[in-house]
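The next block holds one structure in the form of structure tokens; read it before the comments.
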Amino acid sequence: MAMRQTPLTCSGHTRPVVDLAFSGITPYGYFLISACKDGKPMLRQGDTGDWIGTFLGHKGAVWGATLNTDATKAATAAADFTAKVWDAVSGDEVLTLAHKHIVKTVTFTQDSNCLLTGGNDKLLRIYDLSNPEAAPQEISGHTSAIKKALWCNGDKQILSAADDKTIRLWDRSSMEEVKTLTFETSVSSMEYMADGEILVITYGKTVAFYNALSLDLIKTVDAPAPINSASLHPEKDFFVAGGEDFKLYKFDYTTKEELESYKGHFGPVHCVRFSPDGELYASGSEDGTLRLWQTAVGKTYGLWKCVLPEDLGAENSEQLYTSPPEIKA
């Protein structure tokens, strides 16, 4: 008997959800932050989707959001020409970093001491958070707005994707460009996995995997629809992708076979990420919701409780879950 995927729906946002990120695993579990065009990024418990708090202070759409590894700090990138750093425990704003244009992406170094930003002014900036008054280091080279920027190789290098249809690898110490990948169309998303140094990128209907240090292509997989985001499972056995047809797809990483697809959102999927333990993946959509999906459908985890058919009465043996089809978190 096939198990039915029952996503948890996280409501609260009033506009499209355009970015999301998980923290690492902390003594208090792991956490999830979402960026939304409503200007109000939200923090949630990662395994259940339960709302913890909303970071209030931006005056425009929030395009990017991230947590540091231990979930003590958050950072957001917004259309009000600022990036902000927050205390993720109290919810208080710690820093506002003024930019000259819309900010699209923010990411912490592993030690949480530096913040990398990028956006519509085509510059990468590195802020020393212990000395925020100091001018940031600036790296130029992109010829269009930067969509995503990430630390890689133990924070010694930077990867950036922009609307100029390139992904560029930069050396942090020399601030020089090391290598450039050029595509026929703009890259829609980029994920970096430190374990194995794998770069996951999406463009058009393609999900591509590269070695993050050499930028050599590992493999490409074509999806049935234009894809906006993809995420590789921590154990690298499969990956998920979502895009313009409202669906979430799951593929075998080795064979490239499509394993399953789920429709739950009522608008295009903008972002998808696996949790740090790999037990679930979160998706954010144009419909204003986040949804949490089980990696192993039917496993008891978080708010999901599996009930085996023999534990049920004959009259409802079809129902494998104690949870209703639509769970609000």
Side-chain angles (χ1 to χ4, degrees), residues 18-19 21 35 63-66 75 77 81 83 97 99-110 113-128 135-221 226-232 239 241 270-271 273:
V18 290
D19 193 28
W63 287 101
T66 192
F81 292 18
L97 305 168
H99 288 63
K100 294 181 175 69
H101 212 308
I102 292 167
V103 191
K104 286 284 179 75
T105 177
V106 279
T107 181
F108 290 104
T109 45
Q110 287 166 358
N113 290 338
C114 292
L115 188 74
L116 172 66
T117 71
N120 287 16
D121 66 1
K122 311 168 197 171
L123 293 175
L124 292 164
R125 290 182 173 84
I126 302 169
Y127 289 88
D128 180 350
Q137 293 177 284
E138 294 184 353
I139 301 176
S140 59
H142 278 295
T143 57
S144 291
I146 295 167
K147 278 187 172 171
K148 192 79 175 175
L150 302 167
W151 297 103
C152 67
N153 191 13
D155 297 339
K156 294 192 288 288
Q157 291 181 308
I158 291 165
L159 285 158
S160 57
D163 284 334
D164 58 14
K165 302 177 185 174
T166 68
I167 284 181
R168 302 181 195 225
L169 179 66
W170 311 84
D171 184 78
R172 182 185 181 179
S173 55
S174 70
M175 318 271 278
E176 295 293 320
E177 196 175 306
V178 179
K179 195 167 180 182
T180 300
L181 292 175
T182 304
F183 299 88
E184 290 176 9
T185 182
S186 194
V187 171
S188 50
S189 77
M190 181 167 71
E191 178 187 62
Y192 165 71
M193 291 193 77
D195 179 23
E197 297 286 348
I198 296 174
L199 181 65
V200 185
I201 68 168
T202 59
Y203 57 92
K205 293 182 178 180
T206 302
V207 182
F209 300 87
Y210 285 81
N211 177 292
L213 303 183
S214 65
L215 292 191
D216 291 336
L217 180 65
I218 300 168
K219 70 180 78 178
T220 62
V221 181
I227 296 297
N228 295 326
S229 184
S231 186
L232 181 59
F239 66 94
H270 292 307
C271 44
R273 284 290 176 268

Rounded to the nearest 0.5 Å, how far apart are OG of Ser140 and CH2 of Trp170?
-> 6.5 Å
Please report the shortest heavy-atom distance between Ala230 and Ser189, naming the atom on each side.
-> N-OG, 3.8 Å
Is Arg172 close to Asp155 at the side-chain level, that is, under 4.5 Å between some pair of heavy atoms?
-> yes
Scan Ile158, Leu159, Asp171 and name whichever one has a side-chain contact (heavy atoms from CB on, under 4.5 Å) with Val178.
-> Asp171
Taking every non-hydrogen atom, the tightest pair across Asp164 and Ser144 = N-CB, 3.4 Å
Nearest-0.5 Å distance, CZ of residue Arg168 to CG of residue Leu181 | 10.5 Å
Between Arg273 and Ser229, the two heavy atoms sitting closest are NH1-OG, 3.5 Å
If you look at every heavy atom in Ala162 and Ser186, which pair is closest and at what distance?
-> O-OG, 3.9 Å
Return the orientation label for the Phe239 and Phe209 ring planes: parallel under 30°, perpendicular over 60°, tilted otherwise.
-> perpendicular
Enter the distance from Lys104:NZ to Asn120:CG here, rounded to the nearest 0.5 Å.
-> 4.5 Å
Minimum side-chain heavy-atom gap Leu115-Pro136 below 4.5 Å = no
Residue that, paired with His99, satisfies ring pair (Phe, Tyr, Trp, His ring centres under 6.0 Å) out of Tyr127, Phe81, Trp63 | Tyr127
Any side-chain donor near an acceptor of the partner, Ser188 and Asn228, under 3.5 Å | no
May I ask you to decide if the ring planes of Tyr210 and Phe183 are parallel, tilted or perpendicular, using 30° and 60° as cut-offs?
-> perpendicular
Nearest 0.5 Å please: distance from the CD atom of Glu177 over to the NE2 atom of His142.
-> 7.5 Å
Could you give the distance from OG (Ser160) to CG (Leu124), rounded to the nearest 0.5 Å?
-> 4.5 Å
Judged by modelled atom types alone, do Thr107 and Trp151 share a side-chain donor-acceptor pair under 3.5 Å?
-> no
Lys179 versus Asp216, closest heavy-atom pair with distance = NZ-OD1, 3.6 Å
Just by modelled atom types, is the Cys114 backbone N or O under 3.5 Å from a matching donor or acceptor in the Thr109 side chain?
-> yes
Rounded to the nearest 0.5 Å, how far apart are OG1 of Thr117 and CG of Leu123?
-> 9.0 Å
Will you find, in the side chains of Tyr192 and Glu197, an N or O donor that is under 3.5 Å from an N or O acceptor?
-> yes
Would you sort out whether Val187 and Lys148 count as a side-chain contact (heavy atoms from CB on, under 4.5 Å), showing the intermediate values?
-> CA-CA 9 Å; Val187 171; Lys148 192 79 175 175; over 6 Å; no
pair Asp19-Thr105: side-chain heavy atoms closer than 4.5 Å = no
Hey, are the side chains of Arg125 and Ile146 touching, using non-hydrogen atoms and a 4.5 Å cut-off?
-> no
Ala83 versus Val103, closest heavy-atom pair with distance = N-CG2, 4.2 Å
